[in-house]
Amino acid sequence: MAIQRPKGTQDHLPDGSPKLGIDTRAAAFHFVRETARRILERAGAQFIDTPLFEEADLVKRGVGGSTDIVRKEMFTVYYFGDHGGYILRPEGTAGIVRAYLQNGLKQLPMPLKLWLHGPMFRAENVQKGRLRQFHQIDYEVLGSTDALVDAEAIALMVDVVRALGLKKVRVKLGSIGDPEDREAYNAYLRELFTPHLERLSDDSKDRLTRNPMRILDSKSEGDQKLIAELGVRPMLDFLGAEARAHFGQVQQYLNDWGVEYDIDPSIVRGLDYYRRTAWELHHEGVGAKSALGGGGRYDGLAEQLGGGAVAGIGWAFGIERLLLAMEADGAALPASTGPLLYIAALDEENVAYAAALAREARAYARAEFAYKAMKVGNAFKDAERRGAVWAALIGSDEVASGTLSLKNMETGEQAKVARAELEGFLAGNSSDVAHPPTS
Ligand code: HAM
């Protein structure tokens, strides 16, 4: 058998591919990224890109030693003659904060809004919507603790899902307080769980010492049963006065703007850097345990990475999960389109002339040409397979008279047009000419 792609990865394929799925269609990824780009750039976010591999320490210190990501899911990168201390990035936030610190971005006007899209890597148990290489759209705001920034970030996430046509999305909003609130909560959890140590899964026994809050996020049924039996109090009960006031302000802004959310009093995110506001977006079509996206505030992260204090907040969507949700909701995706103009020569000596015509037309439209002389029937068949709107066949007559004989592949309409008038003709007959710049 020919070599296969690694488990948990996907190819993003061109339209027309026989095995095309919603989450493997390259054009669908492009559509989601473009939709997010438009919304985020209108809100003032600038694009940033960071390396796909980073120092392992960045992820260990950033994402946190008690998380599944660091303990079980890191892809280590080895290469000849190197210490092997790199890993493929499991998320975008730590890399962006590193880039902010390393490149003196604090000189830029604050708050600084950044966005990124690209592949992320986690060695997870593979299932629907859970991959080892997946793709995120990530938005980060640095340099402000203002609750208005939190509310705007959440509202922008909702704007993106709305623009994608998703309906059954719920925002689960919570707060995990300031570090001292979390310490108090963890102390409470330690006291609560320690007498039941033998009932906890091995992972959760370990969590009890490192970060008890993570037990609440356990995937073990036994753990979840114990949590329910013990009637664990939620993190929200432990918020200090400042975190509580901040959380109240975030809700107030969202209420003012009509952004709907449900309070989730015991939200636990899968990364350790969060404090205060934390949230997730869920969709029925993707499964109860799988979020479309999530985010939160991480004011201590820059210091954890060895930099000065920088406030930060952000979120990320998983593009594959957005696409699965769009499919479940029957949301519209752009139709696959072919060229506006397809040109084929009927004789070998006119192939280069046909190619030159197509190249000329590319100044204002998508135009393709046949690389070999074609018989009339085959040329039309080829034009149709490629989804062309207009097909032009070039024989010696057309070359001599400087004209094109055009046929509309959808309506059958025929026209003879002078080479110099082709642009005007196509403009009058299609809205696709000179694709207007998108902004
Ligand atoms: P996260 O919750 O770990 O947050 O991931 C965000 C989203 O990425 C998830 O909600 C999900 O849609 C997608 N995702 C995560 N793992 C997988 C996977 N194995 N397969 C498919 N999709 C996946 C973060 O990554 C944070 N960096 C978000 C953030 C930005 N917080 C602050 N700023």
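We count ligands from 1, going down the list as the structure has it; atoms in each ligand are counted the same way. Side chains included, hydrogens not; waters and symmetry mates left out as well; all remaining heavy atoms used.
Proximity of R276 to I176: side-chain heavy atoms (C-beta onward) are nowhere separated by under 4.5 Å. For the pair S175 and L236, the minimum side-chain heavy-atom distance is below 4.5 Å.
In summary, the atoms of ligand 1 found under 4.0 Å from a heavy atom of L131, numbered by their order in the structure, are 18 (C), 19 (N), 20 (N), 21 (C). Taking every non-hydrogen atom of D138 and a distance limit under 4.0 Å, the qualifying atoms of ligand 1 come out as 30 (C). Of all atoms in ligand 1, listed by their number and element, those nearer than 4.0 Å to a heavy atom of Y298 are 32 (C), 33 (N). Those atoms of ligand 1 with a heavy atom of E140 less than 4.0 angstrom away are 30 (C), 32 (C), 33 (N). The ligand atoms of ligand 1 that sit less than 4.0 angstrom from a heavy atom of G294 are 10 (O), 28 (C). Close approach to R130 involves these atoms of ligand 1, each under 4.0 Å from a residue heavy atom: 19 (N), 20 (N).
Neither the backbone nor the side chain of I313 has any atom closer than 4.0 Å to an atom of ligand 1 (non-hydrogen atoms only). Residue contacts with ligand 1 for Q136 involve side-chain atoms from C-beta outward but no N, CA, C or O (heavy atoms, distance under 4.0 Å). Proximity of Y273 to ligand 1, defined as any heavy-atom pair under 4.0 Å, is confined to the side chain (atoms from C-beta onward). Here W315 has backbone heavy atoms under 4.0 Å from ligand 1, and that is the only part of it that gets that close. Within the 4.0 Å heavy-atom criterion, neither part of E320 lies near ligand 1.
The closest protein non-hydrogen atom to atom 9 (C) of ligand 1 is A291 O, 3.9 Å. Protein heavy atom closest to atom 11 (C) of ligand 1, with residue, atom name and distance, is R321 NH1, 3.4 Å. Closest protein heavy atom to atom 32 (C) of ligand 1: G314 O, 3.1 Å. Summary of contacts: the protein heavy atom closest to atom 14 (N) of ligand 1 is F134 CE1, 3.4 Å.
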Item to check | Candidate pair E280 and K172, rule salt bridge (Lys or Arg N to Asp or Glu O under 4.0 Å), full reasoning | outcome: CA-CA 5 Å; E280 280 176 353; K172 287 191 183 177; 5.9 Å; no
Item to check | Trace of the side chain to side chain donor-acceptor pair (under 3.5 Å) decision for Q252 with D256 | outcome: CA-CA 6 Å; Q252 190 57 53; D256 289 351; 3.2 Å; yes
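Take K381 and apply the side-chain contact (heavy atoms from CB on, under 4.5 Å) test, not counting sequence neighbours, and it matches N378. Here A316 pairs with Q136, D138 under the side-chain contact (heavy atoms from CB on, under 4.5 Å) rule; sequence neighbours left out.
Using a 4.0 Å cutoff on heavy atoms, G129 counts as a contact of ligand 1.
Heavy-atom neighbours of R233 CZ from other residues, nucleotides or ligands within 6.0 Å: above the threshold of 12.
D49 and H117 are not linked by any side-chain donor-acceptor pair at a separation below 3.5 angstrom, with hydrogens and angles left out of the test. One side chain, E91 or Y273, offers a donor N or O that lies under 3.5 Å from an acceptor on the other.
For G318, a nitrogen or oxygen atom sits less than 3.5 Å from a nitrogen or oxygen atom of ligand 1, counting backbone and side chain alike. Considering both main-chain and side-chain atoms, G293 comes within under 3.5 Å of ligand 1 through a nitrogen or oxygen pair. On a distance-only criterion, I69 and ligand 1 share no N/O pair closer than 3.5 Å. Polar contact check, E124 against ligand 1: a nitrogen or oxygen pair lies under 3.5 Å apart.
Looking at Q133, its side chain never comes within 3.5 Å of a backbone N or O of L131 through a donor-acceptor pair. Panel note: side chain N103, backbone L105; no donor-acceptor pair is recorded below 3.5 Å.
Looking at R269, E91, Q133 and measuring to atom 4 (O) of ligand 1, the nearest heavy atom belongs to R269. Relative to atom 28 (C) of ligand 1, the option among Y274, F317, Y139 with the closest non-hydrogen atom is Y274.
A salt bridge links K205 with D202: the closest approach of a Lys/Arg side-chain nitrogen to an acidic carboxylate oxygen falls below 4.0 angstrom.
Centroid-to-centroid, the aromatic rings of Y139 and W115 stay 6.0 Å apart or farther.
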